[in-house]
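Here the structure is laid out as structure tokens; the discussion comes afterwards.
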Protein chains: 2
Amino acid sequence: MAPKQKGNVDIVAVAKAAKVSPSTVSRTFNHPDLVSPATRKKITRAVQKLGYVRNRAAQMMHGKRSGTIGLVVPTINHAIFAEVIQAFSDAIDQAGFTLLLASHGYDLDREYAMVRKLMEHRVDGVALIGLEHSDATARLIAQQETPAMAIWNYAEDSELPCVGADNRQAGRMAAEHLLQLGHRDIGLIFPDTRGNDRARHRLTAAVKALETHGISVPENRMSEAPYSVSQAKQAALELLSGPSRPTALLCGNDVIAQGALYGAQKCGLRVPDELSIMGIGDFKGSADIEPGLTTVRIPAETIGTLAGERFTSYITSEAPEMFKLCCELEPILRGTTGRI
Amino acid sequence: MAPKQKGNVDIVAVAKAAKVSPSTVSRTFNHPDLVSPATRKKITRAVQKLGYVRNRAAQMMHGKRSGTIGLVVPTINHAIFAEVIQAFSDAIDQAGFTLLLASHGYDLDREYAMVRKLMEHRVDGVALIGLEHSDATARLIAQQETPAMAIWNYAEDSELPCVGADNRQAGRMAAEHLLQLGHRDIGLIFPDTRGNDRARHRLTAAVKALETHGISVPENRMSEAPYSVSQAKQAALELLSGPSRPTALLCGNDVIAQGALYGAQKCGLRVPDELSIMGIGDFKGSADIEPGLTTVRIPAETIGTLAGERFTSYITSEAPEMFKLCCELEPILRGTTGRI
DNA sequence: AGAATTTATGAAAACGTTTGCAATACTATT
DNA sequence: AATAGTATTGCAAACGTTTTCATAAATTCT
């Protein structure tokens, strides 16, 4: 069946096969109510027979939306972004959009290049992770008048519409949980904060919360590690091998916390009796390690879904309304923290 | 700077600003050597000033490639696919292509819908995960003459070009490793194999390898669990709680193996002394758990990169050559398996 | 039965590019 | 200085759709 036409099955081939004009075929797709049921059936049959697939690029040239949304992330290969991407993708798919995905590896210049690339494809909107972007990117977005939004961070004063969590609050909550348990000597393991406002906000807020309680964090209690279990393990090992060791470790995210946990186990430290470990994020799997990781839950799936839903309706709306959604954080108390 | 034009900055606006014809502007982009350096500079300046961004959809209407490649995966939110997606994305980006991503949640009908959706966007190629797809999907691909490929599985007799690993071999290697250590009573935890040829091939090959050694696996030694640590933990708990328990667990992938490990720890079983656990995949993180997970390494990143490189050159080539690449598997011996 | 609507269809212009062909302006050759 | 090239540019058609406007057919009303 479905005899392979000589390549170019377009709307006029369908029209010919159905013995109607191209206009009518187009109308059958876009305004079916304007076309008589009989003709519609003829056309549908011709479409089936020829295996016609609509050409959205051609539609797009008539001011129609392209039906695509661009998403630019630092990396795909990271539990938390994968979760956001999945949820976002599902949500926009629901609204008939297709996802154009690009990653930049935490490089803001590459981010600009990616946004530009997406705009060449005339995406109907661009979603970015975080609120920190280069001026060039901001200019480009403003100039092209492409709808844009930020995912993952929330900020009251954001220029862009955003759906996310308050990373400062996350940092504060993590610090306060440890303080509440009586910890006074706390080690910090965070990633490089350049071009990563999420990490930076968490770190500064955590430090500030500690200072409020009269605790300052000396240099030798701070360690830098990328989002990698093994490198975080390494970093933790260093932090724990000194002559005096902290009673608790506050980690930039759950991946780092997981590495820290393994590091502690390697040192033979009992968690949480001898060392408390606190993560941020509540990644998939954090509940399942032994002991379960205490963390601050950032609802990635909710954020992705909400972002997708709001963005699509923002794009399709006649009179788009600015939106800024702050998703609730929640301390998840599991087995890696305890009273001093 | 960059004064916002009244919305539509197209090639003719640029032409007007540079006082040349649209054709010349177009040529400046596509065949710069045909344009005098002086004019080229004028045009470049006009482009800068107006903030012109090329419209690939419009180019596409002239038989030019759209510059997009579609990738359809079961799910994004899975360590192993995230890794493949990242590598694939980077590789095609390198060649100037942009990724259109869609996921179907292990539903072959939705997979068809996604492929169709991508074709409406006139992707230059479609990459699918695995070799098992619905007839409708196969027909659609053949009919549209869109280049297509399979990622993740390798099969000698595949219709599509493919880059991947031999999942049967993976299953066999896992089984043989356990056999070699003297295990005779082996429990199997695998996901539902419908619409998932990866899992099915691993399972059947593992069972066959065991049978070759005169071992048949009774019903009560098999358990089904999705790719979820917690559910796999549950499944392992059931398998291990019976009156007699197996001496080893062969798991469909590393996520399941990780769950099984936690399950064993929960039962108070010492791994690997009292129970061996074998995974398949070597996910990021599998090396870092304690004890490190013994597994069969499937080089996800290599597969993604290779797939992206080969596919782009396949697409851009004048005379495309079929390709089928089988990536090497490697048993990774860590701490979760031992002699009986 | 004829006029006035309403419904269904087609013709043609438009969208933003690319490209084959024609025209023009140079340069080199004799 | 006339000729033959060659380098540069512009014109207009083409790509696959959508949409406005006009026309034809069918229906309703008086």
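Chain naming here is simple, since letters A, B, ... match the order of the sequence lines and numbering starts at 1 in each.
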Q: Return no unless some side-chain N or O of B:Thr24 is found under 4.0 Å from OP1 or OP2 of D:dG10.
A: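 Result: yes.
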
Can you tell me how far [atom2] of [Y] sits from [atom1] of [X], rounded to the nearest 0.5 angstrom?
{"X": "B:Asp10", "Y": "B:Lys16", "atom1": "CG", "atom2": "NZ", "result": "8.5 Å"}
{"X": "A:His133", "Y": "A:Glu159", "atom1": "NE2", "atom2": "CD", "result": "11.0 Å"}
{"X": "B:Tyr154", "Y": "B:Ile303", "atom1": "OH", "atom2": "CD1", "result": "13.0 Å"}

Q: Nearest-nucleotide wise, let me know which of B:His62 and B:Arg27 is further upstream toward the 5' end of DNA chain D.
A: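 Its nearest nucleotide lies further toward 5', so the answer is B:Arg27.
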
Q) If you check the A:Val12 side chain, which of D:dT17, D:dT18, D:dA14 turns out closest? A)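 Looking only at heavy atoms from C-beta outward on A:Val12, the closest nucleotide is D:dT17.
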
Q.
If you only use heavy atoms from C-beta on, which nucleotide in D:dA14, D:dT9, D:dT17 is closest to the side chain of A:Ala58?
A.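 Given the options D:dA14, D:dT9, D:dT17, the side chain of A:Ala58 is closest to D:dT17.
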
**Q.** Range on DNA chain C touched by chain A, heavy atoms, distance below 4.0 Å
**A.**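 Listing 5' to 3', DNA chain C meets chain A from C:dA8 to C:dG16.
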
Figure out the [atom1]/[atom2] separation between [X] and [N], and round it to whole Å.
{"X": "A:Asn30", "N": "D:dT20", "atom1": "CG", "atom2": "P", "result": "12 Å"}
{"X": "B:Lys19", "N": "D:dT9", "atom1": "NZ", "atom2": "P", "result": "15 Å"}
{"X": "B:Ile11", "N": "D:dG10", "atom1": "CD1", "atom2": "C1'", "result": "13 Å"}
{"X": "B:Gln59", "N": "D:dT17", "atom1": "CD", "atom2": "P", "result": "18 Å"}
{"X": "A:Ile43", "N": "D:dT18", "atom1": "CD1", "atom2": "C1'", "result": "14 Å"}

With a 4.0 Å cut-off on heavy atoms, is [X] in touch with a base, just the backbone sugar-phosphate, or nothing at all?
{"X": "A:Tyr52", "answer": "sugar-phosphate"}
{"X": "A:Ser26", "answer": "base"}
{"X": "B:Ser23", "answer": "base"}
{"X": "B:Arg54", "answer": "sugar-phosphate"}

Q. So how far off straight is the helix from C:dA1-D:dT30 to C:dT30-D:dA1, going by the axes through five pairs at either end, to 10°?
A.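 Computed from the C1' atoms at both ends, the axes differ by 40°.
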
Q: Check each of A:Leu160, A:Val126, A:Val163 against A:Met149 using the side chain to side chain contact (heavy atoms under 4.5 Å, CB included) test, and report the only one that passes.
A: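 That would be A:Val163.
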
Q: Can you run down the side chain to side chain donor-acceptor pair (under 3.5 Å) pairs that involve residues 63-86 of chain A, sequence neighbours left out, and say none if there aren't any?
A: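 Matches after skipping sequence neighbours: A:Asn30-A:Lys64, A:Ser66-A:Thr68, A:Ser66-A:Asp124, A:Thr75-B:Gln86, A:Gln86-A:Asp90, A:Gln86-B:Thr75, A:Gln86-B:Ser103.
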
Q: On the 0 to 90° scale, with breaks at 30° and 60°, tag the B:Trp152-B:Phe81 ring pair as parallel, tilted or perpendicular.
A: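 Answer is perpendicular, since the angle exceeds 60°.
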
(Q) Show the nearest heavy-atom pair for residues A:Ile92 and A:Gly308, with the distance to one decimal. (A)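 Smallest interatomic distance, heavy atoms only, reads CG2-CA, 3.9 Å.
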
Q. So does B:Arg40 have more than 12 non-hydrogen atoms from other groups sitting under 6.0 Å from CZ?
A.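 It does: B:Arg40 CZ has more than 12 such atoms within range.
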
(Q) Under 4.0 Å between a side-chain nitrogen and a carboxylate oxygen: does that hold for B:Arg110 and A:Asp93? (A)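 A salt bridge links B:Arg110 with A:Asp93.
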
